[in-house]
Asker: 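Pasting a structure here, questions to come.
Only heavy atoms go into these numbers, but all of them, side chains included; no hydrogens, no water, no symmetry mates. Numbers restart at 1 for each chain; the letters A, B, ... are given by sequence-line order, proteins then strands.
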2 protein chains.
Amino acid sequence: MLAEAATPEVSPVSFREAFSVSTEEECPAVTGARCSGCRLRPVCLWSGLSEAAERELGSLAFAHRRLKLGQALYRSGEPFQAIYLVRSGFIKTVVLLEDGREQVTGLYMPGETLGMDGIASARHASDAIALEDGDVCVVPYDRLEALSREASAVQRHLHRLFSKEIVREQRMMLLLGSMRAEERVAAFLLNLSERFTALGFSPSEFVLRMTREEIGSLLGMKLETVSRIFSRFHKDRLIEIEGKHVRIVSSAGLRRIIGH
Amino acid sequence: MLAEAATPEVSPVSFREAFSVSTEEECPAVTGARCSGCRLRPVCLWSGLSEAAERELGSLAFAHRRLKLGQALYRSGEPFQAIYLVRSGFIKTVVLLEDGREQVTGLYMPGETLGMDGIASARHASDAIALEDGDVCVVPYDRLEALSREASAVQRHLHRLFSKEIVREQRMMLLLGSMRAEERVAAFLLNLSERFTALGFSPSEFVLRMTREEIGSLLGMKLETVSRIFSRFHKDRLIEIEGKHVRIVSSAGLRRIIGH
DNA sequence: CGTAAGCTTGACAAAGTTCAACGATTGTGG
DNA sequence: CCACAATCGTTGAACTTTGTCAAGCTTACG
């Protein structure tokens with residue numbers, strides 16, 4: 001029944017098709033593509049730039065970097081050079097404790113920006129790991145700084161980006177600090193549903209790109225707890241789940257769980 | 001034995017003396033004081049500005065706002081206007097869930113900056129509440145934006161500020177998501193110790209400005225758990241504690257607890 | 001096709017919460 | 001200035017949630 005989950009209902013194209021690694025035509029590797037043709041334009045840093053400003057900046061073309069599953073975009077301690085806009089694939093960020101424990105601090109989908117944690121100390125404070133093959137747009141930070149001084153639209157967008165990340169992390173603290181495991185999982189599923197919707201995919205049917213262990217780390221619980229809660233939600237007809245394919249049967253029911 | 005805790009050993013002046021609400025002479029109310037005389041200069045947004053840039057900006061004087069214990073600096077949903085530099089007193093930020101549950105997401109000491117969560121949506125995403133009487137320097141955001149375009153030192157400082165907040169929240173997620181209650185309390189005490197040290201006070205003896213309930217909310221546990229862990233640490237000779245007065249007896253011991 | 005990685009489930013243990021009682025401290029109005 | 005109320009903190013006992021360990025199953029991959 002869930003076999004077709006990979007082909008979202010509301011969208012005429014599959015996720016993989018729509019956000020697959022670009023062909024050479026539309027995305028020459030190192031020289032970078034013109035932003036004007038990019039499908040991520042509506043969510044991109046550069047939207048809102050006046051045409052004049054765009055023309056002025058002949059350099060509005062950035063290198064792309066491809067990532068294979070498991071590959072690191074950057075690692076904690078590495079010199080900070082750029083921030084990254086996800087073009088395709090999912091990326092997780094991970095913070096490590098000396099004794100080896102790790103916390104997944106973020107999950108980034110196409111159109112989302114990561115890497116801002118590196119500005120403070122000129123070194124990245126987390127690892128960014130690809131959860132599947134994909135690619136990112138590399139935005140060199142020094143150029144961004146300069147541009148943000150020249151074009152106030154860029155500045156405003158950049159500051160909003162910083163602030164959004166702060167708000168996202170606040171919400172995550174709320175989740176980790178004051179919700180029970182069941183509520184966290186419900187909130188996680190509803191959040192994914194929203195974000196898939198924003199990308200034009202089904203709100204109710206999608207593929208988790210993380211293992212139970214990674215989900216557990218993001219939500220501050222053990223993989224067994226994640227598994228048990230998925231099973232319980234399934235039994236209670238709130239979701240259907242088969243491995244990583246999820247279908248939300250009752251988003252109202254999930255919302256009710258958070259309401260306690 | 002802990003009766004003198006209010007007078008830190010290493011510092012010749014008490015915390016309250018050093019960071020009390022300023023007298024009118026050094027801090028005229030609405031017109032704002034010249035930054036040059038401010039004791040927070042080394043940590044302030046404006047440090048690093050060239051003298052030329054400073055002179056150019058005759059406006060380098062900001063309104064101060066006094067806060068009484070329990071008073072809100074801003075509330076979630078209020079229009080975002082400014083960010084705030086704490087001059088004296090402690091401030092907590094709180095995020096609320098519809099059902100009334102709340103999560104303390106931050107604790108801000110003199111010299112620290114808060115309010116950046118409001119930029120994303122032009123409305124604050126949290127409440128900021130004074131934990132004791134104090135005052136803040138009000139930095140209007142539109143002026144900051146303009147200034148950050150003109151003076152790259154300001155820009156750099158501002159971006160670093162954003163990034164620091166992101167990193168701080170990441171660490172908080174690590175704490176909430178992957179540490180046991182005992183470890184969280186130990187980490188909390190060590191973190192306070194560091195920050196008091198940075199302000200020139202004793203690393204080992206200070207006054208908590210939060211109730212057990214507020215500490216619990218910050219650390220994602222119930223007030224009873226906080227109390228029990230304080231008692232346990234006391235029994236194990238890691239700290240001495242009497243109400244809100246804390247003395248760290250063995251910071252190595254606390255560090256060992258985090259190491260598992 | 002075999003091996004490793006990922007997922008599920010059960011039984012039990014540990015950690016943290018809840019409820020309750022009580023003492024100490026703080027603040028307020030008479 | 002005192003008395004009373006309210007808030008804050010501590011501690012015990014019972015309970016709930018989540019983690020741990022172990023086994024077995026499925027899936028993906030070389």
Asker: What is the distance from CD of A:Glu224 to P of D:dG19, rounded to the nearest Å?
Answerer: 9 Å
Asker: Just wondering, are more than 12 heavy atoms of other shown residues or ligands nearer than 6.0 Å to CZ in A:Arg195?
Answerer: yes
Asker: With nearest nucleotides of DNA chain C determined for B:Met179 and B:Leu69 from heavy-atom distances, which residue corresponds to the more 5′ nucleotide?
Answerer: B:Met179
Asker: Base, sugar-phosphate, or nothing for A:Ser227, non-hydrogen atoms under 4.0 angstrom?
Answerer: base
Asker: What integer distance in Å separates A:Phe230:CZ from C:dT9:P?
Answerer: 13 Å
Asker: In whole Å, what is the span from the CG atom of A:Leu223 to the P atom of D:dT26?
Answerer: 19 Å
Asker: Between D:dT27 atom C1' and A:His245 atom NE2, what is the distance in whole Å?
Answerer: 11 Å
Asker: Hey, does the side chain of A:Glu132 reach the backbone of A:Phe90 with a donor-acceptor pair shorter than 3.5 angstrom?
Answerer: yes
Asker: Taking the six-membered ring for Trp, are B:Phe196 and B:Phe206 parallel (under 30°), tilted (30 to 60°) or perpendicular (over 60°)?
Answerer: parallel
Asker: Between the side chains of A:Thr105 and A:Thr93, does any donor sit under 3.5 Å from an acceptor?
Answerer: yes
Asker: Measure the distance from CE on A:Met210 to P on C:dC7 and round it to the nearest whole Å.
Answerer: 11 Å
Asker: Is there a side-chain contact between B:Ser231 and the phosphate of D:dT10, meaning an N or O under 4.0 Å from OP1 or OP2?
Answerer: no
Asker: Which label fits A:Tyr74 and A:His124: parallel for a plane angle under 30°, tilted from 30 to 60°, or perpendicular past 60°?
Answerer: parallel
Asker: Is a donor-acceptor contact shorter than 3.5 angstrom present between the side chain of A:Arg228 and the base of D:dT20?
Answerer: yes
Asker: Calculate the interatomic distance between B:Arg180 atom CZ and C:dA13 atom C1'; express it in whole Å.
Answerer: 14 Å
Asker: Can you identify which nucleotide, out of C:dG6, C:dT18, C:dG16, has its nearest atom closest to the B:Ala181 side chain?
Answerer: C:dG16
Asker: Could you state the atom-to-atom distance from NE2 of A:His234 to C1' of C:dT9 in whole Å?
Answerer: 16 Å
Asker: With a 4.0 Å cutoff (strictly under), does any side-chain N or O of B:Arg212 reach OP1 or OP2 of D:dG9?
Answerer: yes
Asker: Atom CD1 of B:Ile215 to atom P of C:dG16: distance rounded to whole Å?
Answerer: 16 Å
Asker: With a cut-off of less than 4.0 Å, is there a side-chain N or O of A:Thr225 near OP1 or OP2 of D:dG19?
Answerer: yes
